[in-house]
Every structure is written in C-alpha cells, then in structure tokens.
Peer 1: 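Okay, handing you the structure first.
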Number of protein chains: 2
Amino acid sequence: MAGLTAPLLGLQKKSLREQALSALRTAITSGELAPGRHLVETELSEMLQISRGTLREALRQLEQEGLLSAGPRGRLSVRHLDEKEIRDIFAVRAALESLAARTLCELPDRAHAIESLHKTIDVMEAAQDASLEERIESDMEFHRTLCRLTGNETLLHSWQSLEGSIRMSIMFGGLEKGVKNMSVDRHREIVSAIETGDASLARTTIRAHMDSAAANLVA
Amino acid sequence: MAGLTAPLLGLQKKSLREQALSALRTAITSGELAPGRHLVETELSEMLQISRGTLREALRQLEQEGLLSAGPRGRLSVRHLDEKEIRDIFAVRAALESLAARTLCELPDRAHAIESLHKTIDVMEAAQDASLEERIESDMEFHRTLCRLTGNETLLHSWQSLEGSIRMSIMFGGLEKGVKNMSVDRHREIVSAIETGDASLARTTIRAHMDSAAANLVA
DNA sequence: TGTAAGTCGACTGTTTACAGTCTGTTCTAG
DNA sequence: CTAGAACAGACTGTAAACAGTCGACTTACA
C-alpha cells in the first residue's frame, strides 16, 4: 500500500482533499484496498500525509459514492458487493445511460456527438492489446462521454456518483470477465442506434449491453 | 435564519455532522438560505454551534447532493437552478422512477408493495388541506417509497441523492405550482399501472407524471 | 474452573488554535 | 490621479487534545 502516497506528490493543482479522494478511489477500485478492509483514520492520514480533518472530508465523499460502508460507531470499511448489488448497480446504470441515449437521439444536431463517441471507441480499439486497466479506462470514458454529451449536468453527475460502484463491480466480478463486455462492435452498435434517432432502439441496445455486462460479471 | 440552531437542540441521537446536514438541507430547500446566497464557513459554524471541521464534512456532502455549488477558491454558495436544470433533474428522476416502477412490475408478489404505496397516497389524501410543505412531504414520501420497495439499494440511494435537487426545483418553481402535480388520482394511476404488471404502461405513466410535473414547474 | 467486574487500548467525534495563501480593498506617497 | 504597500476577510490545511465508546484482556472471586 506504499503506492498510496505517491499520487499525492505529483499534480499540485488540486486541493489535498481532492488528491486524497483520487488516491483512495484508485486504491479501492484497483483492489489495493480490498473489499471488507477496515479503514483507520490515523493510519490513512499518515499514509496519505494529510491531516485527519482533510481526510475525513474525503472519506465522507467516498462513503456517499458507495465505496465505503459505515459500521458501528462510524467505523468505515471498503464496501463489499454481492451479486445482487452488482445487478442492482447495473440496473441503475442502464436506466441512466438509456436516458442519455434517448436524449442524444432527440438531439436535432447530433452529428458532432456521434463523432465524439466514435472517437472514444477508436481509443478503445487502439487499447485492444493494452492492459486490462487501460481497456476498462477507455470503456468508462465512452460511457461517461455518452452522459456528458447530453448536456444534462445532473445526469452526468448521477452517473459519476455511480462510477465508483461500477468500477468496484468490475473488479469484484473479475477484470477478465469485465473486459469481455467491452467489445468494440457492441459499442459501435450503440452509437449506430443513436444515429438512427430511434429512441426506442437506442434504449433497447443500451439495456441489452448492460444486461449482458451484469450477467457476465456475476456469472 | 435564527431557526437554524433550533433543530440541533432536538434529537441527540445523530452525530453533530448529521444534525448539521439536516438543518442545512432544510434551510436550503425551504428557501431560508436563498439560491445564490454565499456561505461563509465561520458564520455557519457559529450559527449551528459546531466546529468548522464538522461543518465542512457536512458541506462536502451537500455539495455532492447538488445543493451547493463551489465557486473559485472553494467558495460555496447555494445552488441556483435555471429552467433547463429543473427539466434535466426531472428527466433523471423520471429515469430512476421508471426503473423503480418497472422493477416493481416484475415482482411476482407485489401485493404488499401495492398496499404500501396506497397507504402513502392515503396520507397524501389526508393532507389535502394541510400546509403546502406537508403536502410536498407526503408526495416525496410516495416517490421515495416507490424506490425503496424495489429493494434496490443503489436505486434508492441515487434517488435520495437527487431528492435535495428535486426539492429545490419545487421551491424554485414555486410551491403553488409544485403542489399542482400532487393530485391523488395521478398517483393512484401509477400504482394501478404497477398492479397490472405491464412494465411498459408503468414506465409511460411515470414518465407522463414527471413530464407534466417539470412542465408545471417551469411554466 | 468459570464467570463477572474492572482495566487498558484503539478509534472515532469534535473542538480549538494557528499557519499559509489568495484576493479585493483601502490608504498613501509620488 | 495612480501605482504600490498594507490590510482585512476567507478558505485550505495542520496539529494537538479530550471525551466517549466498545472490544479485548486481565483479574479476582465464588
């Protein structure tokens, strides 16, 4: 876990709290901090080289993102997801991304959006032989972009609040299973559906993508 | 704003942070802290009679709920919603509640859920002549229950994260306009749709309810 | 020996005080 | 009148400390 301090020494632009947040998020979704692991404030603050106060602000945020769960007397531990929870997370994710797809379908001028989406898929394609982590990263970027392009800030925000849980699901289900869902074709299919402007088709395509993704993970 | 301290003196079970959170949430969604209002940490901590550290933890959470927006150098102010944002919030809300309705439709044994929902509508009905605040409260309770009954914790959590924004939308649009959406019949209609088990119908009913609610608010 | 009481240590919740930094404002010297 | 210094307000981050609580361990007693 020594790697935890490293990310903080770099980019000084963000506040310490945000740096700690990123470092912890990464540590959790990468499995460095295993599910169920108990977190001790004084330990973490020492590891991250920040004060307890600042750390606690970050912890509250992670708690709300669903990466940490609170036990008795406020004791935090890394959340553990069971299969039902993974399915539930993907159900919510599907609902959000369906809305995104539907919204994009109704966009009169969606050529630019289509292009942006294809670009993120190009990145995915280029990362075919890269590490699992990089492939997952490019996949997340596609879906995040899908939400961002709608221009609905609330939608993007809700999706991002779920992002940590999604990443945990993938990690919990196994990265190998996770990347199975990241076929380039499936994603092009989604973009095509949006391109047609058929909201119903787009919704169905997204839902199918998510259902199979969740099914793969818990299989 | 003197009322801010009062809620803290009551129920001592929760931590100071949670008490502050509730107090601030109420102050914001009730309009006591007006949109755009700049918040000063030392002022608030003095008003709420808690330390800055504890306050900051609460503020982080409100920020993530979308009730506060951060300006340059971390200066927080009460978020101001324009009409597009209200529509966006209700679009996301519709997506979440559609999922809830669909999930309940697929529940083999949904008699109990149906009953619970009717009960919350009974409360709404009884509150017909109560204050606007109470009527809104009973409406929120119905929709929250809708999400809770699915047993999907992530869905409930996402909805609750949005709850503050929803309340702000109603406040911003005007309470009078807000209660227009709370007809008992419309809600019974939603429950009936779920009772039939027709997921598509349920989804359509929810969506129509939300669309008209959003339209009323920004009208 | 078994159990009940007492002790100790580990953590969290919360407060206070303080240092550093940024920014806008005000006051003064030229 | 204006450039620049001095200042006040506000946020970020830190360190140290204390109370309360709960589990674990120890001890004393029947």
Side-chain angles (χ1 to χ4, degrees), chain A residues 1 4-25 27-28 33-34 36-65 67-79, chain B residues 1 4-25 27-28 33-34 36-65 67-79:
Chain A
M1 192 158 23
L4 269 185
T5 66
L8 268 66
L9 301 176
L11 26 135
Q12 303 285 6
K13 13 199 159 203
K14 293 191 295 182
S15 67
L16 285 181
R17 168 172 47 83
E18 285 173 288
Q19 293 174 46
L21 199 51
S22 301
L24 287 171
R25 227 190 318 245
I28 292 172
L33 290 174
R37 159 132 189 190
H38 185 78
L39 299 181
V40 178
E41 291 182 359
T42 48
E43 243 175 60
L44 280 183
S45 70
E46 192 170 341
M47 252 187 284
L48 294 167
Q49 301 271 308
I50 60 176
S51 70
R52 261 182 77 211
T54 305
L55 172 70
R56 282 171 63 98
E57 289 183 48
L59 290 179
R60 290 280 99 73
Q61 204 155 333
L62 290 171
E63 193 182 346
Q64 209 170 11
E65 279 180 32
L67 268 61
L68 303 179
S69 59
R73 294 190 310 290
R75 324 214 19 171
L76 296 174
S77 49
V78 179
R79 183 174 169 201
Chain B
M1 190 156 27
L4 269 185
T5 67
L8 267 67
L9 301 177
L11 27 133
Q12 302 285 7
K13 11 197 164 207
K14 293 191 296 183
S15 66
L16 285 182
R17 167 171 47 85
E18 285 173 287
Q19 293 174 46
L21 198 52
S22 301
L24 287 171
R25 224 188 321 242
I28 293 172
L33 289 175
R37 160 129 188 192
H38 185 76
L39 299 181
V40 178
E41 291 182 358
T42 50
E43 245 176 58
L44 281 182
S45 70
E46 193 170 341
M47 254 187 279
L48 294 167
Q49 301 270 308
I50 59 176
S51 70
R52 259 186 60 228
T54 305
L55 172 70
R56 283 170 62 103
E57 289 183 44
L59 291 178
R60 271 333 132 213
Q61 204 156 335
L62 290 171
E63 193 181 345
Q64 209 171 12
E65 280 180 32
L67 268 60
L68 303 180
S69 58
R73 293 192 311 291
R75 306 177 74 128
L76 295 175
S77 49
V78 179
R79 184 173 169 202

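Atom set for the values below is all heavy atoms of this structure, side chains included, hydrogens, waters and symmetry mates excluded.
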Peer 1: Atom CD of B/Glu63 to atom P of D/dC11: distance rounded to whole Å?
Peer 2: 13 Å
Peer 1: Need to verify one output field. Residue with the more 5' nearest nucleotide on DNA chain D, B/Arg60 or A/Arg73?
Peer 2: B/Arg60
Peer 1: Rounded to the nearest 0.5 Å, what separation is found between the CZ atom of B/Arg75 and the CD atom of B/Glu41?
Peer 2: 10.5 Å
Peer 1: Could you grab the distance from atom CG of A/Leu76 to atom CZ of A/Arg37, nearest 0.5 Å is fine?
Peer 2: 13.0 Å
Peer 1: For A/Arg56, which contact category applies under a 4.0 Å heavy-atom criterion: base, sugar-phosphate, or nothing?
Peer 2: base
Peer 1: Nearest whole Å is fine: how far is D/dA10 C1' from B/Leu44 CG?
Peer 2: 13 Å
Peer 1: In this structure, how many angstroms lie between the P atom of D/dA16 and the CG atom of A/Leu55, rounded?
Peer 2: 17 Å
Peer 1: Counting the atoms with a prime plus P, OP1 and OP2 as sugar-phosphate, which does B/Glu41 contact under 4.0 Å by heavy atoms, base, sugar-phosphate, or nothing?
Peer 2: base
Peer 1: Roughly, in whole Å, what's the span from CD1 in B/Ile50 to C1' in C/dT16?
Peer 2: 14 Å
Peer 1: Looking only at the side chain of A/Arg17 (C-beta and beyond, no hydrogens), which of the listed nucleotides C/dT14, D/dA10, D/dG13 gets closest?
Peer 2: D/dG13
Peer 1: CG of A/Leu76 versus C1' of C/dC11: gap in Å, rounded?
Peer 2: 11 Å
Peer 1: May I ask you to say what A/Arg52 touches in the nucleic acid, namely base, sugar-phosphate or nothing, with a heavy-atom cut-off under 4.0 Å?
Peer 2: base
Peer 1: Between atom CG in A/Leu16 and atom P in C/dG20, what is the gap in whole Å?
Peer 2: 15 Å
Peer 1: Nearest whole angstrom, please: distance from the C1' of C/dA10 to the NE2 of A/His38.
Peer 2: 9 Å
Peer 1: How close do B/Val78 and B/Ala34 get, counting heavy atoms only, and between which atoms?
Peer 2: CB-O, 3.3 Å
Peer 1: Do NZ/NE/NH1/NH2 and the carboxylate oxygens of A/Glu57 and A/Arg60 come within less than 4.0 Å?
Peer 2: no
Peer 1: Given atom CD of B/Gln49 and atom P of C/dT15, what is their separation to the nearest angstrom?
Peer 2: 10 Å
Peer 1: First locate atom CZ of B/Arg17, then atom CD of B/Gln61, and finally report the distance between them rounded to the nearest 0.5 Å.
Peer 2: 6.5 Å
Peer 1: Which part of the nucleic acid, if any, lies within reach of B/Leu59 when heavy atoms closer than 4.0 Å are counted: base, sugar-phosphate only, or nothing?
Peer 2: nothing
Peer 1: Using a cut-off of less than 4.0 Å, is there contact between a side-chain N or O of B/Thr54 and OP1 or OP2 of C/dT15?
Peer 2: yes
